[in-house]
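Structure first, commentary second.
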Amino acid sequence: SGTSRPVRILHHVQKVAQYGDAQSVLSAVDSYCSKIEWAMNVGDLKGQILDAVVLETRPHYVLELGTYCGYSTVRIARLLPPGARLFSIEMNPQYAQVAREIIQHAGLDAKVDILVGCTSDLIPQLKKKLDIEKFDFVFIDHWKVSYLRDTKLLEECDLLRPGSVLLADNVTCPGAPDYLHYMRTSPRYESQYFPSRLEYLQVEDGMEKSVTPERP
Ligand SMILES: Nc1ncnc2c1ncn2CCCCCNC(=O)c1cc(-c2ccc(F)cc2)cc(O)c1O
Ligand SMILES: [Mg+2]
């Protein structure tokens with residue numbers, strides 16, 4: 001068919017979701033992807049883990065690696081206090097445009113900036129480009145083979161502070177074994193696994209939450 005899966009998801013959201021209502025946008029994506037065609041959104045089950053971590057972290061500056069259709073971007077942005085900012089990096093320009101329109105439909109575009117490019121190129125530019133010191137919360141959901149490399153890049157670029165929270169999707173399926181090993185053995189992090197299910201399926205998956213301890 002002519003359109004891409006993200007464009008079909010966008011059209012469904014524009015057709016059935018209430019403009020300015022983030023929850024109806026999330027429900028529209030979840031019903032489309034559970035009934036019509038699967039897509040790699042974090043989904044509602046793992047989304048509830050994401051919600052809980054965002055609410056307990058109360059982040060002011062958020063970074064997301066891998067935007068796709070913007071489902072998790074909406075999920076996070078809807079819970080942010082006024083003045084908080086979410087920057088999401090997406091490599092695929094078509095995905096980025098779909099995400100912008102889904103985020104706009106949810107009424108959250110004022111809180112969100114989608115940066116188009118590869119994380120390894122953009123992360124080193126963030127301090128200068130965004131005039132940001134540190135990120136309080138990072139949601140990692142892009143290429144699974146890039147999780148560890150990009151986390152180390154965030155460390156090297158001094159974008160994390162004691163108490164920064166990293167939450168990684170798909171650490172079981174498709175899996176990010178080198179990231180898990182690093183997070184669970186590095187003295188720099190305290191890590192916790194949240195078992196769940198792969199979006200819209202009965203397959204086991206889970207998310208890993210890692211925090212740089214506050215105490216010196
Ligand atoms: N800024 C950037 N830098 C680097 N890569 C970048 C990027 N921006 C985008 N990409 C390129 C990756 C985009 C896709 C990442 N997500 C995934 O690959 C993913 C796959 C599954 C999956 C599970 C079981 C299956 F059978 C099949 C697929 C589930 C998920 O929840 C996933 O998040
Ligand atoms: Mg994912």
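Because only heavy atoms are used, hydrogens play no part in the values below, and waters and symmetry mates are left out as well, while side chains stay in. None of the values given here were measured: they were computed from a predicted structure.
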Does any part of the side chain of [Y], heavy atoms only, come nearer than 4.5 Å to the side chain of [X], both counted from C-beta?
X: Val138; Y: Leu159; answer: no
X: Pro59; Y: Leu80; answer: yes
X: Arg5; Y: Trp38; answer: yes
X: Phe135; Y: Val62; answer: no
X: Tyr189; Y: Leu166; answer: yes
X: Leu154; Y: Leu63; answer: yes
X: Met91; Y: His142; answer: no
X: Ile103; Y: Ile114; answer: yes

Quick one: closest heavy-atom pair of [X] and [Y], and the distance?
X: Ser191; Y: Arg184; result: CB-CG, 4.3 Å
X: Ile89; Y: Gly117; result: CG2-O, 3.4 Å
X: Ala39; Y: Glu199; result: O-CG, 3.8 Å
X: Leu198; Y: Cys173; result: CD1-O, 3.8 Å
X: Pro213; Y: Arg188; result: CD-O, 3.4 Å
X: Leu55; Y: Arg58; result: O-CG, 3.2 Å

Please check this pair: side chain of [X] against backbone of [Y], looking for a donor-acceptor N/O pair closer than 3.5 Å.
X: Ser31; Y: Ala28; value: yes
X: Lys129; Y: Leu122; value: no
X: Arg78; Y: Gln23; value: no
X: Lys134; Y: Ser164; value: no

Pair [X]-[Y], side-chain donor/acceptor within less than 3.5 Å:
X: Glu90; Y: Tyr68; value: no
X: Asp30; Y: Tyr71; value: yes
X: Ser4; Y: Tyr95; value: no
X: Tyr200; Y: Asn41; value: yes
X: Glu204; Y: Thr172; value: no

Only residue of Tyr193, Tyr147, Trp143 satisfying ring-ring contact (aromatic ring centres under 6.0 Å, His included) with Tyr179 is Tyr147
Can you check side chain to side chain contact (heavy atoms under 4.5 Å, CB included) on Arg161 and Glu133, steps first, answer last?
CA-CA 9 Å; Arg161 59 166 173 76; Glu133 274 310 299; over 6 Å; no
Could you walk me through whether Ile36 and His12 pass the side chain to side chain contact (heavy atoms under 4.5 Å, CB included) check?
-> CA-CA 10 Å; Ile36 317 290; His12 183 74; 5.7 Å; no
Under 6.0 Å from the six-membered ring centre of Tyr182 and within 45° of its axis: does the NZ or CZ of Lys152 meet both? yes
Go through the steps to decide whether Ser72 and Leu50 satisfy the test side chain to side chain contact (heavy atoms under 4.5 Å, CB included), and finish with yes or no.
CA-CA 8 Å; Ser72 50; Leu50 174 58; 4.1 Å; yes
Distance col, row Glu208:CD vs Asp169:CG, nearest 0.5 angstrom, shows 12.0 Å
In this structure, OG1 of Thr151 is separated from CG of Leu160 (nearest 0.5 Å) by 8.0 Å
The single option from Asp51, Asp205, Asp141 that satisfies salt bridge (charged side-chain N to carboxylate O under 4.0 Å, His left out) with Lys46 is Asp205
Asp150 and Ile140: side chain to side chain contact (heavy atoms under 4.5 Å, CB included), yes or no, with the steps?
-> CA-CA 9 Å; Asp150 289 344; Ile140 309 171; over 6 Å; no
Review point. Are Phe137 and His60 close enough that their ring centres sit under 6.0 Å apart?
Key: no
Between Asp44 and Arg75, does the salt bridge (charged side-chain N to carboxylate O under 4.0 Å, His left out) criterion hold? Intermediate values first, please. CA-CA 9 Å; Asp44 192 55; Arg75 205 137 189 148; 3.0 Å; yes
* State plainly whether one hydrophobic cluster holds both Leu65 and Val116, where clusters connect Ile, Leu, Val, Met, Phe, Trp and Tyr through side-chain heavy atoms under 4.5 angstrom apart. => no
